[in-house]
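In what follows, every heavy atom counts, from backbone to side chain, and hydrogens, waters and symmetry copies are set aside.
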Amino acid sequence: MKVSLRMDLSDFINEPYEKDVISKLEEIHKDGIKYYLTLWYRDGKIIPEDINKFLVKYESKLHFKTNIVVNNKLKPNDFIWFDITKREDVNHKQQIRFQYVYNNKEQIFEGLKQFHKTAKFCISDKPTKRQKRNDYED
């Protein structure tokens with residue numbers, strides 16, 4: 001199963017809690033969850049110098065595959081497993097498996113906790129169930 005997470009970069013870049021968001025992403029990775037991270041932002045909302053600083057600062061902490069894209073529109077073949085988004089950015093026509101919608105930026109952490117919990121549950125081994133009935137036994 002390909003686990004992917006999408007977040008709005010402009011909601012936490014250059015914010016006092018930016019480091020905490022990256023730390024939580026790193027904690028999730030260290031818990032054995034391998035995921036693709038997509039960070040998006042609206043054109044003109046973040047200046048390129050800020051993105052460069054962000055990449056240099058956190059390059060070693062962003063694991064596996066991280067994409068930074070302009071705009072939150074998905075291409076026809078794109079699929080997001082878990083999306084953490086603001087209420088005004090919700091688009092029900094996009095291909096998203098799970099979605100956490102928040103009203104204020106401080107709720108990003110609750111979204112990350114929910115992603116961690118959901119991914120851990122879906123990736124973990126499930127116990128095999130004993131067959132309850134067998135019509136072919138004599």
*Would you check if the side chain of Gln114 reaches a backbone N or O of Glu110 as a donor-acceptor pair within less than 3.5 Å?*
no

*Could you check Asp83 against Tyr100 for side chain to side chain contact (heavy atoms under 4.5 Å, CB included), going step by step and ending with a plain yes or no?*
CA-CA 6 Å; Asp83 188 28; Tyr100 182 85; over 6 Å; no

*Can Tyr58 and Glu18 be said to form a side chain to side chain donor-acceptor pair (under 3.5 Å), step by step?*
CA-CA 10 Å; Tyr58 297 113; Glu18 172 184 274; 3.1 Å; yes

*So, Tyr35 versus Phe115, ring centres under 6.0 angstrom or not?*
yes

*Honestly curious: do Ile51 and Val69 fall in one hydrophobic cluster under the side-chain, below-4.5 Å linking rule?*
no

*Counting distance only, does the side-chain N/O of Ser4 pair as donor-acceptor with the main-chain N or O of Tyr36 below 3.5 Å?*
no

*Would you name the heavy atoms of Val101 and Arg87 that are closest together and state the gap between them?*
CG1-CA, 3.5 Å

*In this structure, which one of Ile68, Leu9, Val70 forms a side-chain contact (heavy atoms from CB on, under 4.5 Å) with Ile46?*
Leu9

*Linking I/L/V/M/F/W/Y whenever any side-chain heavy atoms sit under 4.5 Å apart, do Ile33 and Phe79 land together?*
yes

*Tyr41 and Asp8: which non-hydrogen atoms are nearest, and at how many Å?*
CA-OD1, 4.0 Å

*Are Glu27 and Lys24 close enough for a salt bridge, meaning some N to O gap below 4.0 Å?*
yes

*So if you build clusters from Ile, Leu, Val, Met, Phe, Trp, Tyr with side-chain heavy-atom gaps below 4.5 Å, do Phe82 and Ile108 land together?*
yes

*Partner set under side chain to side chain donor-acceptor pair (under 3.5 Å) for Asp50, not counting sequence neighbours*: Asn14

*State which residues pass salt bridge (charged side-chain N to carboxylate O under 4.0 Å, His left out) with Asp31; sequence neighbours excluded, sorted by chain then number.*
Lys120

*Might you point out which heavy atoms bring Asp78 and Gln95 nearest each other, and give the distance in Å?*
O-OE1, 2.7 Å

